[in-house]
Amino acid sequence: MFSQILKFVSCASGWVMIDRCGKHFGTVLAFLQDGSVSLPESLQEVSELLAEARYYHLPGLIEQCELALQRQALVEESTCRIPLITSTREEQQLVTQSTKPVIKLLINRHNNKYSYTSMSDGNLLKNLEFFDELSLKFSRWALFVKDVLGSGEICQWSFYEHGGKMASQLCCTSVVYANGKKHTKVTFDQSRIYTDVCVLLLRENPADQEVHQATGFKAPTVSTTVTSEEEDEHPSNREGRESGHLRRMYSTRQTS
């Protein structure tokens, strides 16, 4: 450190003044004595210690801190976490502060004032199962959250762009009349949900080939809208009508 830094602030008696917080100085001294040290458990404190190691020009401690942060980053990247929204304020923070687009599923049977139709319970379960399936597949590129408080809806999908702007929303419930009574009908539109997920991810990560592979969508070399005639001429492009529908939606939303 003293050989690499030419200027130091010193007092009248010649002592060198080191103007740093003493929080991690004991760890720095322990490293100088032993050549290694146990790092703090908190990632924030490891980052703070890394800054001190750089200030004191300790390459061994710098490497140790950087490796610890890299390992933790790999663990977090491969871990799928689903936050459970407990308040409106928490939802706003999650949506606006997320570094990824947000996909939210609201499931709240307590909002129901009527009886369910015969298919409703099964469709509620299908929405939950599909949410779990999507979160396992796409958690690397999107933040998936569950809302059990929410609005007056019972089952609703919401898709937010990075920064919190609403991209699309799909309500899966409606009221129907049978035998003179009101009933809650729950639907499960798997194709629409998957399309909205893919469009959101592709729009947020247009150049990421792994996203295109994960969604099953090949990035076009030229950004154009594919017509139904071209689709018929090239059936190999995404293997069928659903792919063409997704491709047209992606192209349309990309230019909107």
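In this structure, Phe188 and Phe130 have perpendicular ring planes: the angle between them is above 60°, well past the 30° mark.
Leu143 is not connected to Leu149 by any chain of hydrophobic side-chain contacts under 4.5 Å among Ile, Leu, Val, Met, Phe, Trp and Tyr, and they are in different clusters. Under a hydrophobic-cluster definition in which Ile, Leu, Val, Met, Phe, Trp and Tyr are linked whenever side-chain heavy atoms come within less than 4.5 Å, directly or via other members, Leu67 and Val46 are assigned to different clusters. Residues Ile18 and Leu58 share a single hydrophobic cluster, defined by chaining ILVMFWY side chains whose heavy atoms lie under 4.5 Å apart. Under the 4.5 Å side-chain heavy-atom criterion for grouping Ile, Leu, Val, Met, Phe, Trp and Tyr, Tyr55 is connected to Phe31 within one hydrophobic cluster. Under a hydrophobic clustering in which Ile, Leu, Val, Met, Phe, Trp and Tyr are joined whenever their side-chain heavy atoms come within less than 4.5 Å, directly or via other members, Leu32 and Tyr56 fall into the same cluster.
The distance from the CD1 atom of Ile103 to the OG atom of Ser135 is 9.0 Å, given to the nearest 0.5 Å. Taken to the nearest 0.5 Å, the CG atom of Asn127 stands 4.5 Å off from the SG atom of Cys172. Put simply, CZ on Phe144 and CG on Leu105 are 10.5 Å apart, with the number rounded to the nearest 0.5 Å. Taken to the nearest 0.5 Å, the SG atom of Cys198 stands 8.5 Å off from the CG atom of Leu134. Rounding to the nearest 0.5 Å places OG of Ser118 at 10.0 Å from NZ of Lys185. Note that OG of Ser120 and NE2 of His183 are 10.0 Å apart. Values are rounded to the nearest 0.5 Å.
Closest heavy-atom contact between Val95 and Gly164: CG1-CA, 3.5 Å. Shown here for Pro206 and His212, the closest heavy-atom pair between the two residues is O-NE2, 3.0 Å. In this structure, Val102 and Val145 approach most closely via the heavy-atom pair CG1-CG2, 4.0 Å. Closest approach of Glu153 and Cys171 over heavy atoms only: OE1-SG, 3.0 Å. Among all heavy-atom pairs drawn from Val186 and Thr173, the shortest one is CG2-CG2, 3.8 Å. The shortest non-hydrogen separation linking Pro83 to Leu94 is CB-CD1, 4.0 Å.
In this structure, Ile107 and Ile154 have side chains that are not in contact, with every pair of non-hydrogen atoms separated by 4.5 Å or more. Side-chain atoms of Arg109 and Asp121, non-hydrogen and from C-beta on, do get closer than 4.5 Å to each other. No side-chain heavy atom of Asp147 sits less than 4.5 Å from a side-chain heavy atom of Gln156. Between Lys113 and Lys182, the closest side-chain pair of non-hydrogen atoms is not below 4.5 Å. Glu161 is listed as a side-chain neighbour of Arg203, based on a closest heavy-atom distance under 4.5 Å.
Although no hydrogens or angles enter the test, the distance criterion places no donor-acceptor pair under 3.5 Å between the side chain of Thr187 and the main chain of Asp189. Proximity of a side-chain donor or acceptor of Asn205 to a complementary backbone N or O of Asp208 within less than 3.5 Å is not detected.
The number of heavy atoms from other shown groups lying within 6.0 Å of CD (Glu63) does not exceed 12. Heavy atoms from other residues, nucleotides or ligands lying under 6.0 Å from CE of Met119 number 12 at most.
Counting only residues at least two apart or in different chains, side-chain hydrogen bond (donor to acceptor under 3.5 Å, both in side chains) contacts with residues 93-108 comprise Glu91-Lys104. The ring pair (Phe, Tyr, Trp, His ring centres under 6.0 Å) contacts involving residues 88-129 comprise nothing, where partners must be two or more places apart or lie in separate chains. Applying the ring pair (Phe, Tyr, Trp, His ring centres under 6.0 Å) rule to pairs touching residues 145-171 yields Phe131-Trp157, sequence neighbours excluded.
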- Item | side-chain contact (heavy atoms from CB on, under 4.5 Å) assessment of Ser47 paired with Leu69 | CA-CA 8 Å; Ser47 298; Leu69 293 173; 3.9 Å; yes
- Run the numbers on Val148 and Ile85 for side-chain contact (heavy atoms from CB on, under 4.5 Å), then give the verdict. CA-CA 7 Å; Val148 294; Ile85 294 174; over 6 Å; no
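Salt bridge Glu52/Lys23: absent, no basic N to carboxylate O contact under 4.0 Å.
Scored by the side chain to side chain donor-acceptor pair (under 3.5 Å) test, Ser36 finds no partners at all (sequence neighbours excluded). For Glu66, the salt bridge (Lys or Arg N to Asp or Glu O under 4.0 Å) partners two or more places apart in sequence, or in a different chain, are Arg54. With sequence neighbours excluded, no residue satisfies salt bridge (Lys or Arg N to Asp or Glu O under 4.0 Å) with Glu41.
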